[in-house]
Structures are given as structure tokens and as C-alpha cells.
Amino acid sequence: MIDAARSVLENWLERSRIQSIDPIASGLSGAAVFRITTTDGEMWALKRYPIHTPLSRVDEIHLVMVTAKHNGCDLVPQLKRCPSINAAVADRSGINDGQHVWELAQWVAGEPWSEPIAGVDLFARDTSTDAETERRRHEAMSRGASAIAKFHRSVRSLGIHQQPPPCVLARQKRLKELIPLMNAIMASDRARIEHPSLRFSLQMAIERFRADWNRVANSFLATMAALSRHSVQTQIVLRDVHAEHIFFADSLDGDSLKTRVVTGMIDFDAVRIDAPATDLARWISSFLPMCTDVHNAWHSVLAGYRLESSLNEQQEVLAQHVAQVSAWINLANWASWLLLENQNFSYDDEHIAQRIDQWIRVIDKLGK
């Protein structure tokens with residue numbers, strides 16, 4: 001894979017300028033990312049999109065990124081155009097090697113929020129942490145929400161629409177698909193799952209389904225049906241923004257106290273038109289497993305968002321409903337993918353088990 005990365009990279013950079021190419025752990029989408037360091041100290045992110053991603057879709061993503069950057073959202077990394085291939089196409093930054101599309105963008109400094117090691121037991125009854133960790137967590141939640149709002153504001157020039165929220169319609173559709181599968185999921189043979197942590201996590205999920213699925217699924221269908229009858233403001237949004245996608249770095253404030261500031265955001269693969277609420281629902285879900293008070297968590301996220309952009313009560317209520325139903329759908333998705341469809345993922349089993357544990361904990365916190 002390094003050879004392929006080096007070969008395509010030479011469309012942007014002279015070979016003599018390339019000092020190192022380091023593969024970076026990527027997510028579930030099938031994309032691959034490499035950190036590129038040049039001889040003069042520049043750092044770039046070379047991304048290979050998932051196989052069969054069309055160049056036209058990457059063009060759409062790049063238009064959003066360029067627009068956000070042009071309209072003042074400095075958190076979006078700068079794309080590097082490839083004059084050797086795209087000289088005649090002024091707005092194109094992607095390269096198609098025949099199987100994959102590649103892009104080269106500025107490397108985003110910093111790192112995503114991560115919980116202290118002592119606070120990662122998602123099944124512990126007492127998940128309280130010290131006051132400083134709690135403060136820093138809420139600070140990260142708020143500033144990340146502000147970054148999301150800044151991005152939303154910067155891409156509104158691409159169009160604002162009034163329509164039933166696509167995030168609701170998609171979840172309504174997925175619920176209807178999952179309901180007939182639930183008996184098969186609950187009756188499936190977990191013993192064939194070899195990894196003990198993953199097998200245990202799936203067992204916990206099955207127990208949750210047996211206890212509550214019928215009640216919550218019917219309730220959620222009614223809620224989604226009601227929400228689908230009302231138009232809301234929609235625009236280009238991220239649609240897949242969580243704790244791994246917004247980067248922070250330490251900074252000193254006026255009193256010489258360390259604070260975390262947002263340095264940038266990554267992964268724009270899912271950008272499409274939807275309600276801004278869907279980004280807030282996804283963002284808060286990354287933090288809920290370790291939050292001691294759901295009300296305070298929502299307050300931090302919503303207050304942070306409103307520092308950069310307006311948010312009406314309709315979007316606030318929608319975000320809370322979407323967060324709740326999404327947790328159950330995501331948990332059911334993992335069970336279906338692993339137990340019925342026998343899908344394989346690029347993540348190792350331990351990481352998948354942690355994802356399942358996270359959604360169970362979100363469900364616990366939201367109390368539905």
C-alpha cells in the first residue's frame with residue numbers, strides 16, 4: 001500500500017521532497033490515510049477513499065470543503081490541487097488511479113478528546129470522575145459543538161431548504177427494516193463469535209433487546225412518524241461527526257491555565273443536506289457514556305453551538321430524539337451485521353466490542 005501511496009503522491013509532490021509516508025489507523029469506512037512529511041518540514045494527509053467511491057462524489061465533498069474554507073472556517077484543512085492532472089479542471093483536487101480516488105490535504109495538528117484511562121470501564125455502575133476531568137470533558141463538548149456550528153455557518157451559501165428532516169426519514173426506514181429481523185437476532189448463535197469481549201458485548205446487547213426492544217421500537221416509530229410530518233431547516237451538514245473527528249490542542253489562557261482549543265476537523269465523507277440537529281446528536285453520543293448528568297451534557301453542547309450559530313427549539317428537540325433512536329439503531333445494526341450478515345470489518349474485534357459497549361452505555365444514559 002505504501003508503494004501505491006508513493007506513486008500517486010508524486011502527482012502532487014516531487015519525489016525528492018518526500019521524506020516519509022506513514023500509514024495512520026483508519027475507521028470502518030474502508031478509507032486509508034497516510035501522514036506525509038516533506039524534506040522542508042511540511043506535513044500532509046494523503047487519503048485513499050473507499051474502493052469504488054466515484055470521483056464525482058469526491059468532487060462534491062471537495063466543493064463543501066473549499067466553500068467552508070473560503071467562507072472563513074479555518075478548521076477545515078486546505079486541499080492541495082494537482083496541476084499535473086487537473087490543470088484544466090479548476091475546482092478538482094481528487095485523483096482517480098483507476099480503482100480509488102485520492103486527495104492530499106493539510107495535516108491537522110492536535111488530537112481528539114480521549115477519556116482518562118481510569119474512566120474507560122463502560123459497564124461500571126459509578127462512572128463519576130474527578131471535577132477537573134468533568135470540566136475538561138464539558139469544555140471539549142462545548143468547543144466541539146462551536147466548531148460544528150462554525151462549519152454549518154460557513155456552508156450555508158450552498159443552500160438552505162425547508163423539508164422533512166432526512167435524518168428522521170432514514171431512521172424511520174431503518175427501524176422498519178430492523179423490526180422483522182429482531183427475533184432472528186435474539187435467537188442467533190453467539191457461541192460462534194470467537195473473541196470473548198465481542199461475544200460478551202453482543203450478549204449484553206441481546207439482553208437489552210429482549211428487555212426493551214418491542215417497547216422502544218414502537219415508540220420510536222410513532223415519534224419518527226410525527227417528526228416526519230414537519231418541515232425543518234436543512235443544509236449541508238457533516239452527518240458523521242464524533243469525538244475522533246474534531247482535534248484539540250492545549251493552549252494557555254490569560255491566567256496561565258491550560259485549556260483545550262479546537263485545531264481542526266477531519267473526515268467529510270458523509271457531508272450531505274440534512275438537519276443541523278443530526279450533527280449535534282452524533283457529537284454528544286461520543287461523550288454520553290462517561291457523562292454523569294445528561295441534562296448538563298446537552299447544556300454544554302447546545303450552549304457551545306449557540307456561541308457560533310443560532311439554533312431554534314425545533315432543532316434542539318430533534319437532536320435529542322435523533323440521539324435516542326440512533327443509539328438503539330446503531331446497537332441493532334452491529335448485532336445484525338455480525339450475527340445475521342457475518343460481515344467483516346477492518347477494525348479488530350476488541351474495537352468493535354468497544355463500539356457496541358458505547359451504544360449500550362448511551363442507551364443507559366438516555367434512559368429510554
Are Asp130 and Thr133 close enough that a side-chain donor and a side-chain acceptor fall under 3.5 Å?
yes
Between His152 and Tyr305, does a ring pair (Phe, Tyr, Trp, His ring centres under 6.0 Å) hold up when you go through it step by step?
CA-CA 10 Å; His152 287 173; Tyr305 189 94; 5.6 Å; yes
Donor-acceptor contact present, side-chain Thr37 to main-chain Met43, <3.5 Å
no
So how far is it from Met65 CE to Phe268 CZ, rounded to the nearest 0.5 Å?
5.0 Å
So does Glu207 pair up with Arg210, basic N to acidic O under 4.0 Å?
no
Does the distance from a Lys or Arg side-chain N to an Asp or Glu carboxylate O, for Arg260 and Glu111, drop under 4.0 Å?
yes
So, for Ile185 and Ala335, which heavy atoms are closest and what is the spacing to 0.1 Å?
CG2-CB, 3.7 Å
For Ala277 against Gln315, the heavy-atom pair lying closest together:
N-OE1, 3.0 Å
Hey, what do you get for NE2 (His299) to OG (Ser142), rounding to the nearest 0.5 Å?
8.0 Å
Side chain to side chain donor-acceptor pair (under 3.5 Å) between Asp349 and Ser197, intermediate numbers included:
CA-CA 8 Å; Asp349 287 346; Ser197 294; over 6 Å; no
Test log, rule ring pair (Phe, Tyr, Trp, His ring centres under 6.0 Å), inputs Trp213 and Phe220
CA-CA 10 Å; Trp213 173 261; Phe220 288 148; 8.2 Å; no
How are the rings of His242 and His245 set relative to one another: parallel (under 30°), tilted (30 to 60°) or perpendicular (over 60°)?
tilted
Are Leu79 and Ile61 connected, step by step, through hydrophobic side chains (Ile, Leu, Val, Met, Phe, Trp, Tyr) whose heavy atoms are closer than 4.5 Å?
yes
Got a donor-acceptor contact below 3.5 angstrom from the Trp328 side chain to the Ile363 backbone?
no
Between Leu307 and Met265, is there shared hydrophobic-cluster membership here, with clusters defined by ILVMFWY side-chain heavy atoms closer than 4.5 Å?
no
Side chains of Asp274 and Thr234: any donor to acceptor distance under 3.5 Å?
no
Rounding to 0.5 Å, atoms NE2 (His100) and CG (Asp97) come to a distance of 7.0 Å
Do Arg174 and Asn330 pass the side chain to side chain donor-acceptor pair (under 3.5 Å) test, and can you show the C-alpha distance, the side-chain angles, and the key distance before you say yes or no?
CA-CA 10 Å; Arg174 186 55 179 158; Asn330 284 320; over 6 Å; no
When rounded to the nearest 0.5 angstrom, what is the spacing between CZ in Arg190 and CD1 in Ile193?
9.5 Å
Please determine if Asp267 and Arg239 form a salt bridge, counting it only when a charged side-chain N lies under 4.0 Å from a carboxylate O.
no
With a 4.0 Å cut-off on N to O distance, would you call Lys69 and Asp74 a salt bridge?
no
Could you give me the CA-CA distance, side-chain angles and deciding distance for Trp113 and Phe287, then say whether side-chain contact (heavy atoms from CB on, under 4.5 Å) is met?
CA-CA 9 Å; Trp113 164 264; Phe287 296 87; 3.4 Å; yes
Contact check, side chains of Thr39 and Ile18, non-hydrogen atoms, under 4.5 Å:
no
Looking at side-chain heavy atoms only, is the closest gap between Leu338 and Gln343 below 4.5 Å?
no
Do Met141 and Asn296 have side-chain heavy atoms sitting under 4.5 Å apart?
no
Got more than 12 heavy atoms from elsewhere within 6.0 Å of CG, Asn344?
no
Can you tell if the side chain of His195 reaches within under 4.5 Å of the side chain of Ile352, non-hydrogen atoms only?
no
Same cluster or not: are Leu202 and Phe209 linked, directly or through other Ile, Leu, Val, Met, Phe, Trp or Tyr residues, by side-chain heavy atoms under 4.5 angstrom apart?
yes
Quick one: are Val362 and Gln324 in side-chain contact, heavy atoms under 4.5 Å?
no
Can the positive tip of Arg35 be found less than 6.0 Å from the middle of the six-membered ring of Trp107, inside 45° of the ring normal?
yes
Determine whether a donor-acceptor pair (N or O, by modelled atom type, separation under 3.5 Å) exists between the side chain of Ser336 and the backbone of Asn333.
no
Is Arg136 salt-bridged to Asp250, cutoff N-O under 4.0 Å?
yes
Using distance alone, with no hydrogens and no angle criterion, decide if Arg156 and Ser309 have a side-chain donor and acceptor under 3.5 Å apart.
yes
Can Trp44 and Glu42 be said to form a side chain to side chain donor-acceptor pair (under 3.5 Å), step by step?
CA-CA 7 Å; Trp44 299 89; Glu42 291 182 351; 3.1 Å; yes
Is Glu103 salt-bridged to Arg48, cutoff N-O under 4.0 Å?
no
Nearest-0.5 Å distance, NE2 of residue His161 to CD1 of residue Ile273
3.5 Å
Stepwise, does the side chain to side chain donor-acceptor pair (under 3.5 Å) test hold for Ser326 with Arg171?
CA-CA 7 Å; Ser326 295; Arg171 283 156 181 80; 2.6 Å; yes
Polar contact flag, side-chain donor to acceptor under 3.5 angstrom, Ser231-Gln162:
no
Verdict with supporting geometry, Val155 and Asn71, side-chain contact (heavy atoms from CB on, under 4.5 Å)
CA-CA 7 Å; Val155 295; Asn71 289 339; over 6 Å; no
Test side-chain contact (heavy atoms from CB on, under 4.5 Å) applied to Leu198 and Ile356, step by step:
CA-CA 8 Å; Leu198 181 55; Ile356 293 171; 3.7 Å; yes
Are the side chains of Asp240 and Asp269 in touch, meaning some heavy atoms are under 4.5 Å apart?
no
Is there a side-chain contact between His321 and Leu227 (heavy atoms, below 4.5 Å)?
yes
With a 3.5 Å distance limit and no angle check, can you tell me whether Arg137 reaches the backbone of Ser114 through a side-chain donor-acceptor pair?
no
Check whether any side-chain heavy atom of Leu46 sits under 4.5 Å from a side-chain heavy atom of Val8, and report yes or no.
yes
Test Gln235 against Leu158 for side-chain contact (heavy atoms from CB on, under 4.5 Å), laying out the working first.
CA-CA 8 Å; Gln235 60 163 88; Leu158 293 173; over 6 Å; no
Arg81 and Ser93: which non-hydrogen atoms are nearest, and at how many Å?
CG-OG, 3.7 Å
Taking Lys80 for the side chain and Trp12 for the main chain, is one N or O donor matched with an acceptor at less than 3.5 Å?
no
Can you check whether Gln78's main-chain N or O pairs, donor with acceptor, with Gln106's side chain at less than 3.5 Å?
yes
Hey, is Lys150 close enough to Glu308 for a salt bridge, meaning N to O under 4.0 Å?
no
Distance check, rounded to the nearest 0.5 Å: Arg199 atom CZ versus Glu194 atom CD?
9.0 Å
Main chain of Leu63, side chain of Thr67: is a donor-acceptor contact present, judged purely on distance under 3.5 Å?
yes
Ion pair Lys173/Glu177, N-O distance below 4.0 Å:
yes
Salt bridge check: are Asp279 and Arg282 linked by an N-O gap of less than 4.0 Å?
no
Quick check: is Val322 connected to Val271 through a chain of hydrophobic side chains (ILVMFWY, heavy atoms under 4.5 Å apart)?
yes
So, Ser7 side chain and Ala4 main chain: donor-acceptor pair closer than 3.5 Å or not?
no
